[in-house]
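The next block holds one structure in the form of structure tokens; read it before the comments.
To find a chain, count down the sequence lines: A is the first, B the second, and so on, and within it residues start at 1.
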Amino acid sequence: MIPPSFEYHRPSTVEEAVGLLSSLGSEAKILAGGHSLLPMMKLRFAMPEHLVDINRISELSGVSVVGDNITIGAMTTENAVIADPILNEKVPLLPEAAKLIADPQVRNRGTIGGDIAHGDPANDHPALALACDAVMTVVGPAGARQIPASEFFLGTYWTALNDDDILTAITVKAFPDGAGYSYRKLKRKTGDWATAACAVVVALSGGKVSHIRITLTNLGPTAIRAHDAEAVLSGQAVTDELIKHAAEKAMAICDPAEDLRGDVEYKTAMAGQMVQRAIAEALSRAN
Amino acid sequence: MAKQIVKMTLNGQQVEQLVDSRTLLVHFLREQMNLTGAHIGCETSQCGACTVDIDGESVKACTHLAVQCDGSDVKTVEGLAENGVLHPVQEAFYEEHGLQCGYCTPGMLMRSYRFLQENPNPTEDEIRTGISGNLCRCTGYQNIIKAVQSAATKLQDKETASA
Ligand SMILES: Cc1cc2nc3c(=O)[nH]c(=O)nc-3n(C[C@H](O)[C@H](O)[C@H](O)COP(=O)(O)OP(=O)(O)OC[C@H]3O[C@@H](n4cnc5c(N)ncnc54)[C@H](O)[C@@H]3O)c2cc1C
Ligand code: FES
Ligand code: FES
């Protein structure tokens, strides 16, 4: 399986890359880690006439901190996310969850930006971005703009990015002191996408939930935030009963596609399990 | 046209080749450079038979373009042995029967070679996670794990001997 022919471009700055994208139009695609795009090209699901390889734009990789804001360059690889000391200290959900993505070789190439920009509801970073209230920095011909994760994922393989936009960075807030977190992902084997997965971030104040995010992977056309499930727990001293009730609320908004991983009923049932386990684990880590 | 000159270090040698931009690294290695060590198992980034080392990282060569390697240092299984002497990882796979049909072996060797630099003294669990991107349909993995453990010891002995 060989990808269809294309012209290869390797810009060394973001400006150069945006310039190429706007002059080449919709026939051009960004090449990041290539671990979603090249497989799609082999299958002719994507047939770009130009590939703009952004791997040599060094300003797009790495993690930096300004106050409470942690900014992750879009070209930061999964293995770099796993190893990063800042992320492990301040947003430990991201490195912990990245370990559940693909396998060591794929994680050397796959980038957090590519995982998000691809718009695949099976990818893990979209739900993680929603759980962390991430803000995307996007650069297009008119300059840079910020898009919150809640407005970024529009549909399957469809995001707020235009053809000539580059996602340059993902910014998240450091977790509040004592926050608990969890990512529970049911998969058939190492390197598989989720049958169902759930991310939870929770903070407690006086034994009651003061902050909560519950988000879901591969259970609808995009990653989903389970607002109703969060509302069940918000302000409460959590009991097993409430966790069950929250899971039911999350299951009610699941709309998974049937595939080899299971039918709708099975995936929705597994979503309920993942939600319960993620809430319980996040709470056990919160103080 | 869509052809480009690519310069890279390949198993320690400088090479300069005209490459079609759509050529995958694994096809470049096998068909253009006649290095048939990296195998094509699945062609879909699942099996790891095509694993090579690019700039000190394990990469699946079926999901990487040859043109992306311009300026890179690429190592394949052909570059492991030096002056006809097997690399400790190769020796260990041979001694511990870490292979049967051998199809997965070049990928297993290249991944183990890199993994033992990332983690010179791994536990069994860490080995299993470290080679989780490589499938073997013959051995049941048991002897592969033993081979990686034995290679770790050999490499450490070598390290202490030269220290
Ligand atoms: C065997 C295997 C298992 C996998 N398992 C998982 C898994 O469990 N969970 C998971 O989340 N993913 C999984 N993946 C997908 C993998 O994580 C991909 O690397 C990721 O989806 C895409 O990131 P990339 O850097 O490779 O992007 P690419 O493949 O290069 O690009 C993907 C798309 O996004 C666009 N794009 C990329 N970067 C940018 C940017 N900065 N700005 C604008 N557009 C951009 C590209 O044009 C393309 O359309 C798996 C992949 C493989 C091969
Ligand atoms: S051939 Fe590359 S991973 Fe299987
Ligand atoms: S030895 Fe046959 S596939 Fe591994």
Side-chain angles (χ1 to χ4, degrees), chain A residues 1-10 12 27-56 75 77-80 82-83 98-111 114 187-193, chain B residues 1-6 19-28 31 38 40 42-72 107-108 110-112 114-115 118-119 126-135 141:
Chain A
M1 283 191 293
I2 301 171
S5 274
F6 55 84
E7 204 76 45
Y8 176 76
H9 309 264
R10 193 165 53 211
S12 46
E27 296 308 328
K29 263 201 167 297
I30 289 175
L31 175 67
H35 273 67
S36 287
L37 183 54
L38 293 176
M40 288 186 93
M41 288 173 65
K42 290 181 185 179
L43 296 168
R44 306 302 190 262
F45 291 148
M47 298 178 64
E49 284 172 17
H50 299 269
L51 278 190
V52 177
D53 180 355
I54 58 173
N55 281 277
R56 306 278 172 106
M75 289 302 291
T77 62
E78 303 296 355
N79 274 339
I82 291 171
K99 288 183 191 158
L100 304 175
I101 294 176
D103 62 48
Q105 285 94 315
V106 176
R107 291 194 292 264
N108 276 334
R109 299 292 314 155
T111 65
K187 48 184 179 151
R188 297 170 303 175
K189 62 172 197 58
T190 297
D192 195 17
W193 281 266
Chain B
M1 248 313 284
K3 288 215 178 206
Q4 315 235 338
I5 298 276
V6 172
V19 179
D20 197 340
S21 45
R22 68 175 178 156
T23 302
L24 297 167
L25 178 60
V26 73
H27 292 131
F28 167 79
E31 287 156 29
I40 302 174
C42 64
E43 284 199 278
T44 54
S45 9
Q46 308 277 335
C47 74
C50 64
T51 300
V52 300
D53 218 60
I54 305 178
D55 297 325
E57 287 183 339
S58 304
V59 174
K60 292 180 171 177
C62 71
T63 314
H64 198 80
L65 301 169
V67 285
Q68 289 182 277
C69 292
D70 190 37
S72 290
M108 285 289 180
M110 290 313 290
R111 179 60 198 134
S112 305
R114 178 51 53 195
F115 171 66
E118 293 161 358
N119 185 348
E126 287 166 347
I127 296 173
R128 287 184 186 276
T129 308
I131 61 166
S132 59
N134 295 70
L135 299 180
Y141 300 99

Please evaluate residues B:Leu65 and A:Leu31 with respect to the criterion side chain to side chain contact (heavy atoms under 4.5 Å, CB included), reporting the C-alpha separation (whole Å), side-chain torsions for both, the decisive distance (0.1 Å), and the verdict. CA-CA 10 Å; B:Leu65 301 169; A:Leu31 175 67; 3.9 Å; yes
Name the region of A:Lys189, side chain, backbone, both or neither, that has any atom closer than 4.5 Å to a heavy atom of chain B. side chain
Report which part of A:Leu37 has an atom under 4.5 Å of a heavy atom belonging to chain B: side chain, backbone, both, or neither.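 Neither part.
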Between [X] and [Y], is there a donor-acceptor pair closer than 3.5 Å when you use the side chain of the first and the backbone of the second?
X: B:Ser21; Y: A:Phe6; value: yes
X: A:Asn108; Y: B:Val59; value: no
X: A:Arg10; Y: B:Val67; value: yes

Could you look at [X] and say if it's the side chain, the backbone, both or neither that has a heavy atom under 4.5 Å from chain A?
X: B:Thr51; result: side chain
X: B:His64; result: both
X: B:Arg114; result: neither

Please report the shortest heavy-atom distance between [X] and [Y], naming the atom on each side.
X: B:Ser132; Y: A:Pro104; value: OG-CD, 3.3 Å
X: B:Ser45; Y: A:His35; value: CB-CD2, 4.2 Å
X: B:Ser72; Y: A:Arg56; value: OG-NH2, 4.2 Å
X: B:Gln4; Y: A:Tyr8; value: NE2-O, 3.3 Å
X: B:Lys60; Y: A:Asp103; value: NZ-OD2, 2.6 Å

Can you list everything that forms a salt bridge (charged side-chain N to carboxylate O under 4.0 Å, His left out) with B:Glu31? Sequence neighbours excluded, please.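 Partners of B:Glu31 by the salt bridge (charged side-chain N to carboxylate O under 4.0 Å, His left out) criterion come out as none, since no residue qualifies.
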Is there a side chain to side chain contact (heavy atoms under 4.5 Å, CB included) between A:Gln105 and B:Asn134? Walk through the geometry before answering. CA-CA 9 Å; A:Gln105 285 94 315; B:Asn134 295 70; 2.8 Å; yes
Contacts with chain B made by residues 42-50 of chain A (heavy-atom distance under 4.5 Å), listed by residue number: A:Lys42, A:Arg44
May I ask you to test the A:Met1-B:Leu24 pair for a side-chain heavy-atom distance under 4.5 Å?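 No. Closest side-chain heavy atoms not under 4.5 Å.
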Just how far is it from atom CE of A:Met41 to atom OG1 of B:Thr63, taken to the nearest 0.5 Å? 12.0 Å
Counting heavy-atom pairs closer than 4.5 Å to chain B, which one of A:Thr190, A:Val106, A:Leu38, A:Asn55 comes out on top? A:Leu38
